[in-house]
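Accompanying notes for the structure given below.
Every chain is numbered from 1, with letters handed out A, B, ... down the list of sequences.
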Amino acid sequence: MYWSKTLIPTLREAPADAEIVSHKLLLRAGLIRKLAGGVYTFLPLGLRALRKVEQIIREEMDRAGANEVLMPALQPKEIWEQSGRAETASNVLFKVKDSSNREWFLSPTAEEVITTLAANEINSYRQLPKNFYQVSLKFRDEIRPRFGLMRAKEFIMKDAYSFDTTDAGAMASYQKMYAAYQRIFARCGLQAFPVEADTGVIGGSHSHEFMVPAETGENDVAYCEACGYAANIEKATSGLPKTAAREIGAAPEKFATPGVVTIEALSKDPYKVPANRQIKTLVYIADSQPILILIRGDDQLNETKLLAKTGAVVARPATVDEIVLLLGAKPGSLGAVYINFERFPDDVRNSLFEARKNILERDGISGFEKIKVYADERLQGANDMTTGANEDGFHLKNVSIERDIKVTAWFDLRTVSAGEPCAKCAQPLKIRRAIEVGHVFKLGTKYSEKLNATFLAADGSRQPCVMGCYGIGVTRTLQAVIEQGNDKDGIIWPLSVAPYQVCLTPLAVAPESEPMKLAEKIYAELTAQGVDVILDDRDERPGVKFKDSELVGFPIRLAIGEKALAKGEVEIKPRSGPVQFVKIADAVSTVLALVKTVYSR
RNA sequence: CGGAGCGUAGCUCAGCCUGGUAGAGCACUUGCUUUGGGAGCAAGACGUCGCAGGUUCGAAUCCUGUCGCUCCGACCA
């Protein structure tokens, strides 16, 4: 390609709405342009890089035995209702109506479509296992698009779906994809590592995310350098000991705490109750039912764990009004010792109970009379604890959680912090930010059962396919490559995904000038060898050409100037390496040798 | 959806407080000079100041509404 024939609108300054370095460079290097928030056009250079990432993904998916298909972006509402996700994934679904008022969803993923296909086309165990994938445009009704391609309303995703006859087979399919992902990200020049992950509304039993470490990422990963444990903070656990038991009195004791509504205030004079001897009581509305969550005072609730462990579809903190109706006190004085107004005489209690129940049920909240209490495992066996008395301005001490509180179930509900001992090897955990570029799930039979994707087994029985699904955010991966590879001058592409591998830079471009004639000759030779070359034929000053080639980040620049030519030489400069002058006759072979170092930046 | 901020030339921004003929740098066009690290000089083109309404003799500027964008939070396959 000749530079003057394509469109590479480089910018000296980044548009004001670009926040992170990779977003700025995507715009400055002329790879993308924004049409609207979270919606971008890929310009020629950006599309070339994107296609290279896609090609790597296709090669590795094919190598792993997956078959490429292309499924509709426009999906009928009915199949989403059948899987149950019309409701559970409702907040991210783009919904459209056609002229006859029929509802459609713009595909954020394709479990329903592929499972419907399998239901129709796969009948026998002889046809399994199978793995189908596609690379296509996906839509998500992001409430807040951010960081360019990182979180967009519209993006390119590779999604794959495996179908097996047995659980063990599904596990093998999962491992194949896991290995393919490691190859894919390595070939893209990315340092991506797998971490244990929550399965979210996709569901399933087993899941890893592939993470690219970056301060601008939107995920926190807990990891152990000693044993290799790594997990999304939403899933991570640690090996902290349970709260120590002590000698205490026979019953909880109420004491006045006027104006004290925080853990911190109660830990100070005159009360001096350390946060780790307090029980924090949180009220949530989970699937329209009130629940209490008990966490140690110095811990933080992990809402993802709450949903995962309780099986709730949606949960939100209760409002202050709801809390007063439920427990009779405002936040700051809440506890789970007396949750049904035991402190009142029976007749008063019953009338309060009925009145409040009616109001809550009017607002769609049910199960008031039997509030479930979920407690974090770290509180198991804890006594000599202090918690709210469900009476404004009062707390209870001498609380033994097992004796005084009716806990419905114990779960790991807390968020781990850096420095806690690893659950596997006791070394201190670290936490860092990362970009999620891929996700693999073992789904099991959740979708195949709901959408009737069954097969006839060798023994004649009809069984649901055991499924897995595997996603890679292609456009996000592209941006992650830039986020990880840049310096003050611009992008540093790995050879594998660079829009062009070599930038030929003649410093005189008149058709009959020596630099231009030599550039055209080298261009022809490199192109014939299968190298992606761009020839900067613009009549610009050398400084402009050098700055642009570094901003765009071509891995190898071959400059041809009058001075070096007079000595029979040209100048070859890797994007992040030293300049070398080579004889004209050796120029092509030197470049070819550099291009062979496929995995290097 | 809550909180904050911003919408002026293709890009970065000034002007707004204190109303009075629309500005700068970069980019663009033409000419001359220059030619190994984002050139110099000269000339030129580019704007319904996001949109709508209001106040006023007069609004980029003040008021109201609205749309869009960004940040923080909530949310997130």
Side-chain angles (χ1 to χ4, degrees), chain A residues 9-20 23-24 27-28 30 33-39 80 83 85 88-94 105 107-112 138-148 150-153 155 157 159 161 197-204 207 209 217-219 232 234 303-304 307-308 314-317 319 436-441 443 446-447 469-473 476 489-490 505-510 513 515 536 538-552 557 559-566 569-571 573 579 581:
Chain A
T10 57
L11 300 171
R12 195 181 295 202
E13 291 173 287
D17 56 9
E19 192 70 9
I20 63 175
H23 186 194
K24 287 179 183 171
L27 293 163
R28 287 190 57 209
R33 282 296 181 265
K34 183 171 80 172
L35 178 63
V39 180
W80 285 78
S83 72
R85 290 205 301 175
T88 58
S90 178
N91 51 345
V92 296
L93 280 171
F94 253 110
F105 296 152
S107 173
T109 177
E111 280 80 8
E112 283 78 5
K138 298 296 193 299
F139 301 86
R140 194 175 301 174
D141 191 3
E142 285 290 350
I143 56 181
R144 188 177 162 199
R146 240 188 285 214
F147 302 150
M150 283 295 179
R151 189 198 285 223
K153 288 188 187 247
F155 54 96
M157 185 166 107
D159 45 326
Y161 307 89
D198 179 62
T199 52
V201 299
I202 277 209
S207 174
E209 289 165 337
E218 298 194 73
N219 296 270
N232 191 309
E234 296 175 343
E303 289 191 14
T304 306
L307 290 177
V314 287
R316 62 167 174 86
T319 64
E436 179 193 346
V437 288
H439 205 156
V440 292
F441 293 89
L443 285 174
K446 172 178 169 177
Y447 293 91
C469 73
Y470 318 93
I472 291 179
R476 179 185 284 186
D489 295 315
T505 309
L507 298 179
V509 297
S513 68
D536 189 352
R538 295 174 302 166
D539 186 13
E540 288 285 355
R541 302 168 64 83
V544 173
K545 294 185 163 201
F546 292 150
K547 286 288 186 192
D548 270 349
S549 77
E550 282 153 16
L551 174 57
V552 175
R557 182 176 68 215
I560 304 167
E562 306 273 9
K563 287 177 191 164
L565 263 193
E569 292 178 338
V570 296
E571 171 189 322
K573 184 183 180 308
V579 174
F581 290 90

If you look at every heavy atom in [X] and [Y], which pair is closest and at what distance?
{"X": "Glu142(A)", "Y": "Ala152(A)", "result": "CG-O, 3.6 Å"}
{"X": "Ser207(A)", "Y": "Asp198(A)", "result": "OG-O, 3.9 Å"}
{"X": "Pro145(A)", "Y": "Lys153(A)", "result": "CG-CE, 3.8 Å"}

Whole-Å distance separating the [atom1] atom of [X] from the [atom2] atom of [N]:
{"X": "Arg541(A)", "N": "rU33(B)", "atom1": "CZ", "atom2": "C1'", "result": "11 Å"}
{"X": "Leu27(A)", "N": "rA27(B)", "atom1": "CG", "atom2": "C1'", "result": "16 Å"}
{"X": "Lys547(A)", "N": "rA27(B)", "atom1": "NZ", "atom2": "C1'", "result": "17 Å"}
{"X": "Glu218(A)", "N": "rC72(B)", "atom1": "CD", "atom2": "C1'", "result": "13 Å"}
{"X": "Asp548(A)", "N": "rC26(B)", "atom1": "CG", "atom2": "P", "result": "17 Å"}
{"X": "Glu562(A)", "N": "rG36(B)", "atom1": "CD", "atom2": "P", "result": "10 Å"}
{"X": "Asp17(A)", "N": "rC13(B)", "atom1": "CG", "atom2": "C1'", "result": "15 Å"}
{"X": "Arg538(A)", "N": "rA27(B)", "atom1": "CZ", "atom2": "P", "result": "13 Å"}

Nucleic acid footprint by protein, nucleotides 1-11 of chain B - heavy-atom cut-off 4.0 Å, B for base, S for sugar-phosphate alone: ----------S
Applying the Watson-Crick and G-U wobble criteria at under 3.5 Å, what pairs with [N]? Answer none if nothing qualifies.
{"N": "rA39(B)", "value": "rU33(B)"}
{"N": "rA9(B)", "value": "none"}
{"N": "rU64(B)", "value": "rA52(B)"}
{"N": "rU21(B)", "value": "none"}
{"N": "rG2(B)", "value": "rC72(B)"}
{"N": "rG58(B)", "value": "none"}

Write down the distance separating the [atom1] atoms in [N] and [M], rounded off to the nearest Å.
{"N": "rA42(B)", "M": "rG47(B)", "atom1": "P", "result": "24 Å"}
{"N": "rU61(B)", "M": "rU18(B)", "atom1": "P", "result": "14 Å"}
{"N": "rG5(B)", "M": "rC63(B)", "atom1": "P", "result": "13 Å"}
{"N": "rG19(B)", "M": "rA60(B)", "atom1": "P", "result": "14 Å"}
{"N": "rC28(B)", "M": "rC67(B)", "atom1": "P", "result": "38 Å"}
{"N": "rC6(B)", "M": "rC62(B)", "atom1": "P", "result": "11 Å"}
{"N": "rG25(B)", "M": "rG38(B)", "atom1": "C1'", "result": "14 Å"}
{"N": "rU66(B)", "M": "rG20(B)", "atom1": "C1'", "result": "28 Å"}

Could you check which of [options] has an atom nearest any side-chain atom of [X]?
{"X": "Glu436(A)", "options": "rA77(B), rA27(B), rC75(B)", "value": "rA77(B)"}
{"X": "Phe147(A)", "options": "rC76(B), rC71(B), rG36(B)", "value": "rC71(B)"}
{"X": "Pro108(A)", "options": "rG36(B), rA77(B), rG73(B)", "value": "rA77(B)"}
{"X": "Ala564(A)", "options": "rG73(B), rG36(B), rA77(B)", "value": "rG36(B)"}

5′-ward residue of the pair Arg557(A)/Glu540(A) relative to RNA chain B: Glu540(A)
Which residue lies more 5' along RNA chain B, comparing Phe546(A) with Leu93(A) via nearest heavy atoms: Phe546(A)
Salt-bridge present (Glu550(A), Arg557(A); N to O < 4.0 Å): yes
Under 4.0 Å, counting only non-hydrogen atoms across every strand here, what does [X] touch: a base, just sugar-phosphate, or nothing?
{"X": "Arg140(A)", "answer": "sugar-phosphate"}
{"X": "Glu142(A)", "answer": "nothing"}
{"X": "Lys34(A)", "answer": "sugar-phosphate"}
{"X": "Arg28(A)", "answer": "base"}
{"X": "Gly561(A)", "answer": "base"}
{"X": "Glu303(A)", "answer": "sugar-phosphate"}

Audit row: Arg476(A), Glu436(A), side chain to side chain contact (heavy atoms under 4.5 Å, CB included) steps and yes/no: CA-CA 8 Å; Arg476(A) 179 185 284 186; Glu436(A) 179 193 346; 3.9 Å; yes
Stepwise side chain to side chain contact (heavy atoms under 4.5 Å, CB included) test for Asp159(A) and His439(A): CA-CA 10 Å; Asp159(A) 45 326; His439(A) 205 156; over 6 Å; no
Main-chain N/O of Asp536(A) paired to Lys545(A) side chain as donor or acceptor, under 3.5 Å: yes
From Val92(A), Thr109(A), Leu93(A), residue fulfilling side chain to side chain contact (heavy atoms under 4.5 Å, CB included) relative to Arg85(A): Thr109(A)
With sequence neighbours excluded, residues passing side chain to side chain donor-acceptor pair (under 3.5 Å) with Asp489(A): none
Test log, rule side chain to side chain contact (heavy atoms under 4.5 Å, CB included), inputs Arg33(A) and Leu27(A): CA-CA 6 Å; Arg33(A) 282 296 181 265; Leu27(A) 293 163; 4.2 Å; yes
Phosphate OP1/OP2 of rA27(B): any Arg12(A) side-chain N/O under 4.0 Å: yes
